[in-house]
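Below: one structure, written as structure tokens.
Note that the coordinates shown come from a computational prediction; the quantities given were computed from them, not determined experimentally.
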There are 2 protein chains.
Amino acid sequence: MAYGLPSIILVRPRNPLNIGAAARAMANFGFDDLRVVAPHPPVWAEALRAAPGAERLLKKAKLFATLREAVADRTEVLATSCMSRRARALPAQSVKGLRPRAAGAVVFGPEKSGLSAADLAYCGGIVSIPTVADCPSMNLGQSVAVFCWELVRAGPQPFREGAPAAVDDLERIIERCDQALARIGYRGLMDPQVRRNRVRRILLRRGLLKGEAGMLYEILRRILDKPVWGPKP
Amino acid sequence: MAYGLPSIILVRPRNPLNIGAAARAMANFGFDDLRVVAPHPPVWAEALRAAPGAERLLKKAKLFATLREAVADRTEVLATSCMSRRARALPAQSVKGLRPRAAGAVVFGPEKSGLSAADLAYCGGIVSIPTVADCPSMNLGQSVAVFCWELVRAGPQPFREGAPAAVDDLERIIERCDQALARIGYRGLMDPQVRRNRVRRILLRRGLLKGEAGMLYEILRRILDKPVWGPKP
């Protein structure tokens, strides 16, 4: 990983050839970190068998049960979408000129359905390859190839100031938020999961630095440490 | 073909999935003209059967016996290569920023071997996708996807002055050259086919306009019309 190329994450891929093709494109452009979320076991076994030019990358690929776990240490998580399905709540951009942060991740959904709303909750933005209106949906392996090409196309990226917060940092903050709200006996109209997703989205979208995340977490910890507040849990 | 996107030409493709994938990527980016040179018949039959999202393009693809016929009406013919094999006599460039002329063509060789020297004789230049040194060779379908993306990436191309000459115009000139040399009883040390390739390369490399090609052809025709020259054929 010469200059902080992002992880490529495939969520529930269905076709072993697509997995092999994605790994091959990564290898062509120097990407090193393939993560796969909940692949169907026979699909994964077959992908490992037949992947000319990408054996090494597939063998050291990391498998995860959920996208949440796959992005735990990632700082900027971008979902890919052909944007034809429906307008999303996330900020969207074209892949053109894309240069993600170090320790970032680009997430690709299952071939037929794309990423679920639950998966999108862990993504800070959507990136799409601008395709023509009457054939918008790209093949998974080809989509990965175009992303990888575009990400290395501009060459090395200048370093940014300050280490960005990883998804795990954000999750700790969200958990503390929940605890604080429970402690003060808060009963909102909003479903708790929807509220958590909104808080996560606010944090993801702001490009939080690691130091800032630590500060927010510390504030919440101190609030929770005050035993005098509200009704006892 | 919104703004003169080039033809995509696959020479002797071996894998039906790759043909389908190439057509799919073309459809994604609005490319319209697929040409296939000497596909193995069962391979082509299978490609037609299984090509989600690219049926229309595959059904109207044009088949040719030779690359010579496939590029007859094309003006700028670019060969693709991963550049790892050997240094070529042709001018080489990166795909980055590539914007070929109207009625151009981008030619992809067979999966294992790449384009032959005979095929390269009809190409005016080589374009490659810069890949990493230890995994230089791209999958055919993914290579087509990256080329198509890069070719539309910059948006519409400004019109050029003067219509460029097509390969057919050049071939007529080369043929007349041969006849003229035969007429004057020329016996060079060079193999006639090598000489023809060299002449073709000179003409291809200069970006000859249609009017210029017409003039050269006319000059040669007039030379040949003089019956007083040299020994009778």
Side-chain angles (χ1 to χ4, degrees), chain A residues 1-3 5 14-32 50-58 82-84 94-98 111-112 128-155, chain B residues 1-3 5 14-32 50-58 82-84 94-98 111-112 128-155:
Chain A
M1 253 194 285
Y3 38 89
L5 292 174
R14 302 301 300 266
N15 182 336
L17 291 174
N18 285 344
I19 300 173
R24 168 89 172 266
M26 290 176 64
N28 286 140
F29 295 114
F31 287 68
D32 204 37
E55 297 84 358
R56 195 188 61 87
L57 236 156
L58 277 176
C82 69
M83 301 304 292
S84 66
S94 159
V95 69
K96 192 168 159 179
L98 180 66
E111 289 90 336
K112 295 271 180 210
S128 66
I129 299 170
T131 46
V132 300
D134 63 348
C135 188
S137 170
M138 284 188 74
N139 163 277
L140 177 57
Q142 292 177 306
S143 177
V144 172
V146 169
F147 265 93
C148 289
W149 159 247
E150 190 65 25
L151 283 160
V152 300
R153 190 183 184 280
Chain B
M1 253 195 287
Y3 37 88
L5 292 175
R14 302 301 299 265
N15 182 335
L17 291 175
N18 285 344
I19 300 173
R24 169 90 171 266
M26 290 177 65
N28 287 140
F29 294 114
F31 286 69
D32 204 37
E55 297 84 357
R56 195 188 61 87
L57 236 157
L58 277 176
C82 68
M83 301 304 291
S84 66
S94 159
V95 69
K96 191 168 159 179
L98 180 66
E111 288 90 336
K112 295 271 179 212
S128 66
I129 299 170
T131 46
V132 301
D134 63 348
C135 189
S137 171
M138 285 190 74
N139 162 278
L140 177 56
Q142 291 177 307
S143 176
V144 172
V146 169
F147 264 92
C148 289
W149 158 248
E150 190 64 26
L151 284 161
V152 300
R153 190 184 184 278

Chain A interface, residue from Val132(B), Leu17(B), Asn139(B), Asn28(B) that has the most non-hydrogen pairs under 4.5 Å: Asn28(B)

Count the heavy-atom pairs under 4.5 Å between each of Cys148(B), Cys135(B), Ala27(B), Gly141(B) and chain A, then report the option with the highest count. Cys135(B)

Any heavy-atom pair between the side chains of Gln142(A) and Arg24(B) that's under 4.5 Å? yes

Side chains of Arg56(B) and Asp32(B) in contact at under 4.5 Å (non-hydrogen atoms): yes

If you count heavy-atom pairs under 4.5 Å with chain B, which of Ile129(A), Thr131(A), Asp134(A), Val144(A) comes out on top? Thr131(A)

Taking it one step at a time, do Val95(B) and Phe147(B) satisfy side-chain contact (heavy atoms from CB on, under 4.5 Å)? CA-CA 7 Å; Val95(B) 69; Phe147(B) 264 92; 3.5 Å; yes

Is it the case that the side chains of Glu111(B) and Asn18(B) hold a donor-acceptor pair, with the cut-off being a distance below 3.5 Å and no angle test? yes

